[in-house]
Amino acid sequence: QKYTLIRERIISLYWYPMILRHLCAAMGIFSRLQKVKPGHCKGNNMANNTTKGLWALSPLAVFLCLYLVTSLVAGDFYKVPIAVAFLAASAYAVLITRGMKLSERVERFSAGAAHKNIMLMIWIFVLAGAFAASAKEMGAIDATVNLTLRILPDSLLLPGIFIAACFISLAIGTSVGTIVALVPVAAGIAQQTGLDVALMVAVVVGGAFFGDNLSFISDTTIAATRTQECDMRDKFKVNSMIVGPAAVAVASIYLLESLSVQIPVQTEPVEWVKVLPYLVVLGTALAGVNVMFVLVIGLVATGVAGLLTGGFGLFGWLGAMGGGITGMGELIIITLLAGGMLELIRLGGGIDYVITRLTNRVRGKRGAELSIAALVSIANCCTANNTIAIITVGPIARDIAVRFGVDPRKSASILDTFSCFVQGLIPYGAQLLIAAGLTALSPLEIMRYLYYPAMMGFFALLSILLRYPRRYS
């Protein structure tokens, strides 16, 4: 009897869906004959939008699988060159883009690659490569390293470099400018002390993100406060309460790691004339001069100092500049490919899909803050630019904040903090790319030691879950 009962149930489970399917098909034909209202097709439209959005985002998955996953499986970050991974993902993005001829798709890809923000980054890369190579050729880096090692005691080397990067980026408002100025010096210190170069570079990059997040003149701060309609001073107060503990925690970690550092005794005198180009770069940056002009001034100062001290001749200087620019070739190619690929993702509706999905089910203040954090994080992954990510989702974040009563100072802090957090964790962001280009490292090698962006994201998430700071939550 049990066997018969089970058999009947199995038969019913098979036939009922079949009958239901035929009934639904008949109802569908009847509905079309009756000219049903468009609202009845809402489910199909939502399904189509979901498929379209996921399809548009798939080039990112292709890139991550080719580069990140393959590198981790192989245990070698150089097995798959990042430029090759981007080339494959970009070709895939062009192929899957619908509604246009192939020539039109390539044209849109090229327009994304030639966007003004991409071109600005490329100019910075070119000048940074020329400056770094010229400074190294004439001995400016070695002289600055000797000066730094004389000033900082052994036990304060790592936290000292981190705090210096924090204050410089806070003063100049740009993480890229801080990285350009300090990464060559940090790499030179690592070579003289026997420390891992990737670790020293990560210390500088982490400190650079501190200022990028908090500085009054940072693009991300300006974008976050304007879209959320709050005062910069108030945003700074709330934001510093969130990320301040993260900076203290990371400085403490670096202090512990510095206990085993042994700085070699410096017997060579400091060549102040050769240090001058870096002092000029830091001084003009602190004065608020545009990063491109800072690099041009530094390049001229390097040439003058090198010619005066005999570090190189005129043709030696020109050769060093040419070598530095050529050395940035792969970085420039990667930036162009990323810009084109991300433009096709945007065109295909990938970013719109993410925004729609994340704002559909918001409930309460905590959910609203989490959705704002998720919005800007995913937008940052799709644009590889924290300022553009904030500008893209800022108005939507403002609507969510107003609807659920989120303090604008808190929403601005969440936007800025999570965008910087994600920017420090994507291997195709401008900061990691330029740091890797200046030191011939893989971005993933640097990411292993990027404590501050990860700690910043952790404390920002805690501020949402634990409703901190209370007054603004």
Side-chain angles (χ1 to χ4, degrees), residues 116-148 164-165 168-169 171-189 191 201 204-205 208 211 217 270-335 430-431 433-441:
K116 62 180 183 179
N117 291 323
I118 300 293
M119 298 311 297
L120 179 61
M121 279 196 295
I122 288 174
W123 279 115
I124 292 172
F125 294 160
V126 168
L127 291 171
F131 170 72
S134 300
K136 183 177 182 180
E137 183 70 21
M138 59 84 68
I141 293 177
D142 292 336
T144 308
V145 167
N146 290 335
L147 177 62
T148 306
I168 290 171
S169 60
I172 68 178
T174 166
S175 53
V176 172
T178 305
I179 289 167
V180 168
L182 293 185
V183 160
V185 177
I189 292 172
Q191 290 169 358
V201 172
V204 172
V205 174
I217 57 175
V270 177
E271 298 179 85
W272 290 100
V273 177
K274 292 185 176 181
V275 176
L276 185 62
Y278 270 106
L279 296 179
V280 169
V281 165
L282 291 178
T284 51
L286 290 170
V289 179
N290 181 280
V291 64
M292 291 181 66
F293 286 110
V294 168
L295 290 170
V296 170
I297 293 168
L299 192 56
V300 172
T302 301
V304 172
L307 292 172
L308 289 177
T309 59
F312 46 54
L314 177 60
F315 292 107
W317 180 32
L318 297 176
M321 283 194 289
I325 294 170
T326 304
M328 287 291 180
E330 184 183 18
L331 177 58
I332 292 170
I333 291 169
I334 291 167
T335 304
Q431 292 83 353
L433 286 177
I434 196 167
L438 289 170
T439 53
L441 292 170

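Quick note: numbers below take in every heavy atom, side chains included, and nothing from hydrogens, waters or symmetry partners.
Remark: of the listed residues I434, L441, V201, V201 is the sole one forming a side-chain contact (heavy atoms from CB on, under 4.5 Å) with V183. Tested against M328, the residues I333, V126, I122, L438 include a single side-chain contact (heavy atoms from CB on, under 4.5 Å) partner, L438.
In plain terms, the two heavy atoms of A186 and V204 that are nearest each other are CB-CG2, 3.6 Å. Between G306 and M138 the shortest heavy-atom distance is N-CE, 3.5 Å. Between S134 and L299, the shortest heavy-atom contact is OG-CD1, 3.7 Å. When all heavy atoms of L182 and A165 are compared, the closest pair comes out as CD1-CA, 3.8 Å. Listed here is the closest heavy atom pair of P277 and G298: CB-O, 4.4 Å.
Residue M292 holds its CE atom at 12.0 Å from CD1 of I297, rounded to the nearest 0.5 Å. Note that CD of E330 is 9.5 Å distant from CG of L433, once rounded to the nearest 0.5 Å. Atom CD1 of I124 sits about 11.0 Å away from atom CD1 of I179, to the nearest 0.5 Å. Of the inter-residue distances, the one linking I332 atom CD1 with W123 atom CH2 reads 9.5 Å to the nearest 0.5 angstrom.
Not a single side-chain hydrogen bond (donor to acceptor under 3.5 Å, both in side chains) links T302 to another residue, sequence neighbours left out.
The side-chain hydrogen bond (donor to acceptor under 3.5 Å, both in side chains) pairs that include a residue from residues 175-184 are S175-D212, S175-Q431, where partners are two or more places apart or lie in different chains.
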Side chains of residues 309-320: which donor-acceptor pairs under 3.5 Å do they make with residues two or more places apart or in other chains?
{"from": "T309", "atom 1": "OG1", "to": "A305", "atom 2": "O", "distance (Å)": "2.8"}

